[in-house]
Amino acid sequence: MEAPLIREAHLLEQGIQALSDLLGPEWQVTQRPNKTKVFDAALEVKAEGDSVFTQLLVEATQAVPPRFVMDQLVPKVQLLREVNHYTNLLVIAPWISSQARELLRQNGIAYLDLTGNVDIRVPRPAIIIRTVGAPKAPRSAPRKASRTTLAGVKAGRLVRLLADVPPPHRATDLHRTSTLSLPYVSRLLDTLEDQLLIRRKGRIITDVDWAQLLRTRARETSLLTPGSYQGFLAPNGVPALLQQIPRLKTEYLGGVTVSEVLSVTGSYAAQRFARVAVGGQLMLYVGPWLNIDEAADELGLLPVAEGADVLLLNEPDSFVRRRSEFVDGVQYVAPSQAVLDCLAGPGRMPAEGEALLYFMEAHPEEWRASKKDVGTPPVEH
C-alpha cells in the first residue's frame, strides 16, 4: 500500500529543517511573508552576524517529473532572474529522480529532497551544498495513484519496442505488437512523456530517447532477484559449454530443442559488441518447456553455493528473446535486452551496459529494427 501524500505544510517544514541542519548553527534560515503566492514560501538565508543574505523562493511539490521541470519550473526561474538576479529557486520534494535532478542542475535550480538528494549553489553569500540520497524512490515516497511505472514485465515489453524500433509510433500499434492492453499502453506512454523519454505530436510518438529509456527501466529492476536464478559450475569451462550448446538436440513439446530454449544475456551478450573485460559469468535465460534443474542436467552443470561461472535465470517473459540472434548455434539476446540486464546486474555489469550503450549510439544501423517490426507478434514457444 502506498504512503499517503505528505501535506504541503509538513513538506515545507521538513525541507526547511533539513536545509537548516545542512547549513549548521552558524547560519540563519528565516521564513519571510510570501507576498506573490506564486511560490510556496520565501526564505532568507544568511550567516550569523553578516548583513549579506540570499533569498530562496520555494516550490514544494509531491513529485518532480522532468516534464514539470522543463514546462513549469524553467520558465518560472527565467522570469525570476529577469526581475532579481540574486533571488534563487529551491525545489523541495519527498524524492527527485536522477533525470529530474540533472535537468534542475543544468538550469541552475536548487533542489532538496527528503532522502538527502541536495544541490544548492549560491554565489553571495557563498553556499555550496551537494549531497546524494536515495537513487530510487523509497517505498514511503508518495506517488500519484494513477502513475504507471517502468517496473514489471509489461513495461519491459513496451520499453523494448520503443528502443528497438525507430518512431513514429501509435499507441494502437504498440498495443497490438506487445499484446498489452491499450489503456495500459496509454498510461505508460503518459508516464514516459512526463519523464521526457518520448515526445508526441498529437497521438503520434515522434521521438524516443531510447538510451535514457533503457537506463530508466534498468533502475526500476534488478536482474538477480532471490529465487530467479541458480549458480553452477561448468566442469570444462565456459568456452567448452558454449560449444556444447548447439549439439544438444533433445526435443521438447512442439519440437523445440535445448539450444532454442536457452539464450545468453549479460556480459557475454554485451561483449559481442563492446568489450570492457573478457569473460565473466555466463548468464543463460531458461525459457518455457525447461526448468533450471532440467537445463543444468542437459548441460552437465554442477550446482555450487559460491564461485559459480554459470548462472541459469528463469526467463521472465518471452519478449527477452525478441530479435535474439543465433551465433555459431548459440542464441544471444538483442543488444537492447543485454543493456537492460547489464545495467540492472551486479559488479562490473553496469559498466559493460554503458559500454554497449555507447556502441549502440554510434552504430544504430547494426541493431535497430525496421519500422515493419512493429506489428510482429512476440516470440512464443
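This structure is a prediction, so every number in the text was calculated from the model and none was measured.
Within 6.0 Å of atom CG in Asp328, 12 or fewer heavy atoms from other residues, nucleotides or ligands are found, so the atom counts as exposed in its surroundings. Heavy-atom contacts from other residues, nucleotides or ligands closer than 6.0 Å to CZ of Phe326 number more than 12. Heavy-atom contacts from other residues, nucleotides or ligands closer than 6.0 Å to CZ of Phe53 number 12 or fewer. Within 6.0 Å of atom CD in Glu26, 12 or fewer heavy atoms from other residues, nucleotides or ligands are found, so the atom counts as exposed in its surroundings. Other residues, nucleotides and ligands contribute only 12 or fewer heavy atoms inside 6.0 Å of the CZ atom of Arg124. Glu365 CD: more than 12 foreign heavy atoms inside a 6.0 Å radius.
Judged by distance alone, the side chain of Gln230 and the main-chain N or O of Pro303 form no donor-acceptor pair under 3.5 Å. A donor-acceptor pair under 3.5 Å links the side-chain atoms of Asp309 to the main chain of Ala234, judged by distance alone. Looking at Arg101, its side chain does come within 3.5 Å of a backbone N or O of Ile96 through a donor-acceptor pair. Here the side chain of Thr131 pairs a donor or acceptor atom with the backbone of Gly116 at under 3.5 angstrom. The main-chain N or O of Ala211 is never found under 3.5 Å from a side-chain atom of Glu361 such that the two would form a donor-acceptor pair. A donor-acceptor pair is defined here as one N or O able to donate and one able to accept, closer than 3.5 Å; such a pair exists between the side chain of Asp40 and the backbone of Ala60. Put simply, the side chain of Gln337 never gets that close to the backbone of Ala334: no donor and acceptor are under 3.5 Å apart. In this structure a side-chain-to-backbone donor-acceptor pair under 3.5 Å is missing from Ser228 to Leu224. Remark: the backbone N or O of Tyr184 is paired with a side-chain donor or acceptor of Ser181 at under 3.5 angstrom. Judged by distance alone, with hydrogens and angles left aside, the side-chain atoms of Asp173 form no donor-acceptor pair with the main-chain N or O of His169 at under 3.5 Å.
In this structure, the separation between CG on Leu192 and OG1 on Thr216 is 8.5 Å, given to the nearest 0.5 Å. Within the model, atoms CG of Leu284 and CZ of Phe232 stand 10.5 Å from one another, a figure rounded to the nearest 0.5 Å. Here the CD atom belonging to Gln212 is positioned 9.5 Å from the CG atom belonging to Leu357, to the nearest 0.5 angstrom. One finds the CG atom of Asn117 at 4.0 Å from the OG1 atom of Thr115 (value rounded to the nearest 0.5 Å). Here the CG-CG distance, from Leu214 to Leu340, works out to 5.0 Å after rounding to the nearest 0.5 Å. Here Leu189 contributes atom CG and Leu162 contributes atom CG; the two are 6.5 Å apart, rounded to the nearest 0.5 Å.
Across all their heavy atoms, Leu312 and Ala295 have their closest contact at CD1-CB, 4.0 Å. Nearest approach of Gly108 to Arg81, heavy atoms of both residues: O-NH2, 2.8 Å. In terms of heavy-atom proximity, Lys76 sits nearest to Val38 at NZ-O, 3.6 Å. Contact between Leu182 and His175 at its shortest, heavy atoms only, is N-ND1, 3.5 Å. Of all heavy-atom pairs between Tyr285 and Pro316, the closest is CE2-CD, 3.6 Å. In terms of heavy atoms, Gly307 sits closest to Leu233 at O-CD1, 4.0 Å.
Counting heavy atoms from C-beta on, the side chains of Ser98 and Arg219 come closer than 4.5 Å. Between Ile204 and Arg170, some side-chain heavy-atom pair lies under the 4.5 Å cut-off. By the 4.5 Å heavy-atom criterion applied to side chains, Phe68 and Asp194 are not counted as neighbours. Between Leu23 and Val45 there is a side-chain heavy-atom pair separated by less than 4.5 Å. Side chains of Val64 and Asp113 form no contact here, defined as non-hydrogen atoms less than 4.5 Å apart. Put simply, the side chain of Val327 does not reach to within 4.5 Å of the side chain of Val264, judged on heavy atoms. With a 4.5 Å cut-off on side-chain heavy atoms, Leu19 and Ile120 count as touching. Pro125 has its side chain within reach of Thr54: a pair of non-hydrogen atoms, C-beta onward, lies under 4.5 Å apart.
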_Criterion side chain to side chain contact (heavy atoms under 4.5 Å, CB included) on Leu150 and Thr191, from CA distance to verdict_ = CA-CA 9 Å; Leu150 279 169; Thr191 295; 5.7 Å; no
*Test Arg322 against Thr177 for side chain to side chain contact (heavy atoms under 4.5 Å, CB included), laying out the working first.*
CA-CA 11 Å; Arg322 184 179 179 84; Thr177 304; 3.6 Å; yes
*For Arg32 and Thr30, what are the C-alpha separation, side-chain angles and deciding distance, and is it a side chain to side chain contact (heavy atoms under 4.5 Å, CB included)?*
CA-CA 6 Å; Arg32 295 302 186 191; Thr30 307; 3.8 Å; yes
*Stepwise, does the side chain to side chain contact (heavy atoms under 4.5 Å, CB included) test hold for Ile205 with Arg200?*
CA-CA 4 Å; Ile205 298 168; Arg200 291 188 281 196; 3.8 Å; yes
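For the residue pair Gln17/Glu13, the side-chain donor-acceptor check at 3.5 Å is not satisfied. Between the side chains of Thr172 and Arg203, no donor-acceptor pair of N or O atoms lies under 3.5 Å. No hydrogens or angles considered: nothing links the side chains of Arg199 and Thr206 as a donor-acceptor pair under 3.5 Å.
A salt bridge is absent between Arg217 and Glu220: the closest approach of a Lys/Arg side-chain nitrogen to an acidic carboxylate oxygen does not fall below 4.0 angstrom. Contact check on Asp190 versus Arg187 returns no salt bridge, with no Lys/Arg side-chain nitrogen under 4.0 Å from an Asp/Glu carboxylate oxygen. One finds no salt bridge joining Asp50 and Lys46 here, because no Lys/Arg side-chain nitrogen approaches an Asp/Glu carboxylate oxygen to under 4.0 Å. Ion pair Asp207/Lys201 not flagged as a salt bridge, since none of the NZ, NE, NH1 or NH2 atoms sits closer than 4.0 Å to an Asp/Glu carboxylate oxygen.
Transitive grouping of hydrophobic side chains (ILVMFWY, heavy atoms separated by less than 4.5 Å) brings Tyr111 and Ile109 into a common cluster. Side-chain heavy atoms closer than 4.5 Å link hydrophobic residues (I, L, V, M, F, W, Y) into clusters, and following such links, possibly through other members, connects Val208 to Leu356. Val333 and Leu311 fall within the same hydrophobic cluster, defined by Ile, Leu, Val, Met, Phe, Trp and Tyr side-chain heavy atoms under 4.5 Å apart, directly or through other members. Leu174 is not connected to Val153 by any chain of hydrophobic side-chain contacts under 4.5 Å among Ile, Leu, Val, Met, Phe, Trp and Tyr, and they are in different clusters. A single hydrophobic cluster is seen to contain both Leu282 and Val261, as judged by linkage of ILVMFWY side chains at heavy-atom distances under 4.5 Å, directly or through other members.
Each of Tyr332, Phe359, Trp210, Phe273 was evaluated against Trp367; a single residue qualifies, Trp210, per the ring pair (Phe, Tyr, Trp, His ring centres under 6.0 Å) test. Shown are Thr225, Val320, Asp341, Leu223; of these, the side-chain contact (heavy atoms from CB on, under 4.5 Å) with Leu313 is made only by Leu223.
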